Amino acid sequence: MDATDSATAHRASLAALKGWAARRDRLPEHRADLLAAAWWSGTRNVAELARTADITRDTVYDDLRARGIEPTDRAAVPERPRPRYESLRAEAVHELSELAAQVLLPAQLEEDPAPLASAAWQMSTAYDRIAVLLDGHEEERHVEMAEDLVSKLRDALRYAHAHWASLQSTDQLAARTSERDLDPLGIQQAVAGETVLQLSLPVGRTFTVTLGEEDYRRTTVRSDSELLDTTVSGADYLAIKDALDTIAEVLSAHLREDAFETD
């Protein structure tokens with residue numbers, strides 16, 4: 001864990017501890033919400049609810065009534081209508097972020113966290129950024145947080161690629177993703193083929209890179225410069241493939257309808 005990650009982990013640990021205290025104080029309120037949700041999902045047996053939540057029947061009665069439900073009349077219409085929609089609130093997402101940090105932080109204290117642990121950590125940080133973006137009182141941070149949200153999700157994807165690549169060989173990955181390429185062909189979406197791009201370095205040097213395909217549609221890398229190591233690992237392959245798929249999806253959305261008509 002580098003210095004930046006250590007600082008983030010330090011802040012997250014304190015936030016998680018503060019969040020735990022806040023959640024503890026709100027437990028009765030959350031319990032009532034969960035009991036009401038269980039009631040609305042079809043569980044109308046008070047004894048079963050009490051046993052599942054490990055509380056007394058009297059507590060079940062009190063919590064349900066606090067949510068506008070009369071448990072003695074299973075067919076009664078509640079005083080408060082069943083909620084069907086509630087906009088996403090910053091407070092709720094922030095609480096989710098704190099809970100995730102509390103669960104995920106210990107695994108980040110390893111010298112070299114596993115890819116899945118790192119992916120989960122980046123996702124928990126993404127929840128924090130979403131909470132800030134939902135907060136109308138922090139609008140001056142919205143652009144910064146939106147940019148950082150994209151960065152965290154990109155990092156999570158990179159760790160997910162690393163884990164997936166640890167499960168299969170590059171040829172197996174190529175065979176699996178080639179099957180995925182067949183799906184867009186039936187829904188009028190283009191698939192990226194050979195791609196040529198130019199890499200520019202800060203020192204002013206540029207060189208050309210060609211992303212092609214071999215058997216199983218395996219992506220290959222060729223370059224006109226010996227400065228680039230064209231060896232592609234499984235994780236590299238997945239990252240390149242997803243990048244090309246994203247480009248194809250974006251451009252497909254701008255194609256005219258007659259682009260898919262056969263001559």
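Predicted model only: the values in this text are computed from it and were never measured. Residue numbers start at 1 and run along the sequence shown.
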Subject >> ILVMFWY cluster, L244 and L197 together (side-chain gap under 4.5 Å) >> reply: yes
**OP:** Using the side chain to side chain donor-acceptor pair (under 3.5 Å) rule, pick out the option among D171, T177, T170 that qualifies with Y237.
**Re:** T177
**OP:** Compare every heavy atom of A235 with every heavy atom of A162, then report the nearest pair and how far apart it is.
**Re:** CA-CB, 4.1 Å
Original post:
Any donor-acceptor pair under 3.5 Å linking the side chain of E144 with the backbone of R141?
Top reply: no
**OP:** Kindly work out whether a path of hydrophobic side-chain contacts (I/L/V/M/F/W/Y, heavy atoms less than 4.5 Å apart) joins M123 to M145.
**Re:** yes
**OP:** Please report the C-alpha distance between Y61 and T56 in whole Å, then the side-chain angles of each, then the deciding distance to 0.1 Å, and finally whether the side chain to side chain contact (heavy atoms under 4.5 Å, CB included) criterion is met.
**Re:** CA-CA 9 Å; Y61 283 123; T56 67; over 6 Å; no
Original post:
Counting N and O atoms only, with roles assigned by atom type, does the side chain of T208 sit under 3.5 Å from a partner on the main chain of Q198, one being a donor and the other an acceptor?
Top reply: no
Original post:
Between V60 and L35, which heavy-atom pair has the shortest distance, and what is it?
Top reply: CA-CD1, 4.2 Å
**OP:** Could you tell me whether a side-chain N or O of T195 sits under 3.5 Å from a main-chain N or O of G193, the two making a donor and an acceptor?
**Re:** yes
Subject >> Inter-residue atom distance S225.OG - R205.CZ, 0.5 Å rounding >> reply: 7.0 Å
**OP:** Could you check D148 against K152 for side chain to side chain contact (heavy atoms under 4.5 Å, CB included), going step by step and ending with a plain yes or no?
**Re:** CA-CA 6 Å; D148 201 44; K152 298 304 179 186; 3.4 Å; yes
Original post:
Salt bridge or not for D155 and R158, using N-O below 4.0 Å?
Top reply: yes
**OP:** Looking only at non-hydrogen atoms, find the nearest pair between P71 and L64 and report the distance.
**Re:** CB-CD1, 3.7 Å
**OP:** Write down the atom of A126, the atom of L153, and the distance for their closest heavy-atom approach.
**Re:** CB-CD2, 4.0 Å
**OP:** Start with the C-alpha gap between L211 and V221, add the side-chain angles, then the distance that decides, and say whether side chain to side chain contact (heavy atoms under 4.5 Å, CB included) holds.
**Re:** CA-CA 5 Å; L211 305 176; V221 179; 3.8 Å; yes
Original post:
Looking at L49 and A38, what are the two nearest heavy atoms and their distance?
Top reply: CD2-CB, 3.7 Å
Original post:
Counting distance only, does the side-chain N/O of S97 pair as donor-acceptor with the main-chain N or O of Y127 below 3.5 Å?
Top reply: no
Subject >> Least distance between heavy atoms, S223 atom then T230 atom >> reply: N-CG2, 4.2 Å
Original post:
How far apart are the C-alpha atoms of H94 and E91, what are their side-chain angles, what is the distance that settles it, and do they pass the side chain to side chain contact (heavy atoms under 4.5 Å, CB included) test?
Top reply: CA-CA 5 Å; H94 184 63; E91 296 81 1; 5.7 Å; no
Subject >> Joint hydrophobic cluster, L228 plus V232, side-chain heavy atoms closer than 4.5 Å >> reply: yes
**OP:** Would you mind reporting whether K241 and L238 have side-chain heavy atoms less than 4.5 Å apart?
**Re:** no
Subject >> R222 bridged to E194 by N-O distance under 4.0 Å >> reply: yes
Subject >> CD-CD distance between Q122 and Q108, expressed to the nearest 0.5 angstrom >> reply: 7.5 Å
**OP:** Answer with yes or no whether the hydrophobic clustering places W164 together with L116; edges join I, L, V, M, F, W, Y residues whose side-chain heavy atoms lie under 4.5 Å apart.
**Re:** no
Subject >> Passing option when I247 is tested against V250, D245, L251 for side chain to side chain contact (heavy atoms under 4.5 Å, CB included) >> reply: L251
**OP:** Calculate, to the nearest 0.5 Å, the distance between atoms CZ and CD1 belonging to R31 and I55 respectively.
**Re:** 5.0 Å
Subject >> Polar side-chain atom of T125 near backbone of W121 as donor-acceptor pair, under 3.5 Å >> reply: yes
Original post:
Taking atom CG of L109 and atom CG of L104, what is their separation to the nearest 0.5 Å?
Top reply: 11.5 Å
Subject >> Check ion pair D63-R67 (N to O, under 4.0 angstrom) >> reply: no
Original post:
Where the side chain of H142 meets the backbone of V132, is there a donor-acceptor pair that is under 3.5 Å apart?
Top reply: yes
**OP:** Would you kindly confirm whether L227 and V209 end up in one hydrophobic cluster when ILVMFWY residues are joined by side chain heavy atoms under 4.5 Å apart?
**Re:** no
Original post:
When you measure from the side chain of E110 to the backbone N and O of D112, does any donor-acceptor pair fall under 3.5 Å?
Top reply: no
Original post:
Can you tell me if CD on E140 sees more than 12 non-hydrogen neighbours from other groups inside 6.0 Å?
Top reply: yes
Subject >> Test log, rule side chain to side chain donor-acceptor pair (under 3.5 Å), inputs D229 and T231 >> reply: CA-CA 6 Å; D229 181 359; T231 304; 2.9 Å; yes
